[in-house]
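Right, one structure below, let's go through it.
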Amino acid sequence: IMLLAAFLTGSLAIRIKNQAKQAAQSAYRTKVLFDTNQLLQQAKDKNEIVSATSNQLIKLLGKDIVFYLADGEVLDMPHIFSVTEENLESCISENEKAVAGWVLKNNKRAGSTTGTLSNAKCLYLAVRSSMVYGVVGIVMGEIPLDPFENSILLSILGECALALENEKNTREKQEAAILAKNEQLRANLLRAISHDLRTPLTSISGNASNLLSNGDSFD
């Protein structure tokens, strides 16, 4: 009876401990995502979005981050965010950029701790929503991310993609508004020039017609 009671008590204690761990992880995940969302809402341009996202990833993983923004089907210059004093030149070599370019093209993760191009020093993931807006590289060792870290990582990248999409839509609306304003100014200018030219041209045309038809009777 004592053995059975001890077994049941131990099982319940382990279950309660696991539930408490899951609740703590869920609370931490919610806090990280809330902080990320707040920081991304305050960001004013793409560079601030990249900086806020990378700093949150550093806070979560404690690893160096390389962030590439996408310009169509081409990657821009890398943004490097380091938590160590190590030289990260090897993380932006041509081979590493080629892996990041593969991720941009194929919209799949690749690099370290994966089965695709695993010789890379970084784990590369696409920042995507309706389209791929960039590629994030995480400087990895030999140990892969655990499922909890991976789930938060994907959620942060999703928030980043939405922020970049909103920034793109806002920028396009501003550019469209500027174009519409320029078109309106051009139309107003043409109307003003047309009005200023029409009055003297009408007078010249009338006098010319009068000279052609009645010129012989004039002194």
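Computed from a prediction, not measured in an experiment: that's the story for all the values here.
Residue Leu189 belongs to a hydrophobic cluster whose other members are Ile193, Leu197, Leu201, with links defined by side-chain heavy atoms closer than 4.5 Å. Under the 4.5 angstrom side-chain criterion for Ile, Leu, Val, Met, Phe, Trp and Tyr, Leu185 has no cluster partners at all.
No side-chain donor-acceptor contact under 3.5 Å links Ser54 to the backbone of Ser51. Looking only at distances, no side-chain donor or acceptor of Arg109 sits under 3.5 Å from a matching main-chain atom of Thr114.
Partners of Thr53 by side-chain hydrogen bond (donor to acceptor under 3.5 Å, both in side chains), not counting sequence neighbours: none found.
Between the side chains of Ser90 and Lys121, at least one donor-acceptor pair of N or O atoms lies under 3.5 Å. Between the side chains of Thr36 and Gln56, at least one donor-acceptor pair of N or O atoms lies under 3.5 Å.
Screening residues 197-209 for side chain to side chain donor-acceptor pair (under 3.5 Å), with sequence neighbours left out, gives Ser194-Arg198.
Partner of Leu154 under the side-chain contact (heavy atoms from CB on, under 4.5 Å) criterion, chosen from Ile156, Ile152, Asn150: Asn150.
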Which side-chain N or O atoms in residues 9-19 pair as donor and acceptor under 3.5 Å with protein atoms at least two apart or in another chain?
residue	atom	partner	partner atom	Å
Thr9	OG1	Ala5	O	2.7
Ser11	OG	Phe7	O	2.9
Asn18	ND2	Ile14	O	3.3

Below 3.5 Å, can you tabulate the donor-acceptor pairs from side chains in residues 160-168 to any protein atom, sequence neighbours excluded?
residue	atom	partner	partner atom	Å
Glu165	OE1	Ser129	OG	3.3
Glu165	OE2	Ser130	OG	2.9
Asn166	ND2	Leu162	O	3.2
Glu167	OE1	Arg171	NH2	3.3
Glu167	OE2	Arg171	NE	3.2
Lys168	NZ	Glu172	OE2	2.8

Notebook entry, point to check: side chain to side chain contact (heavy atoms under 4.5 Å, CB included) between Ile92 and Tyr68: does it pass, once the steps are laid out?
Noted result: CA-CA 10 Å; Ile92 55 174; Tyr68 296 87; 4.0 Å; yes
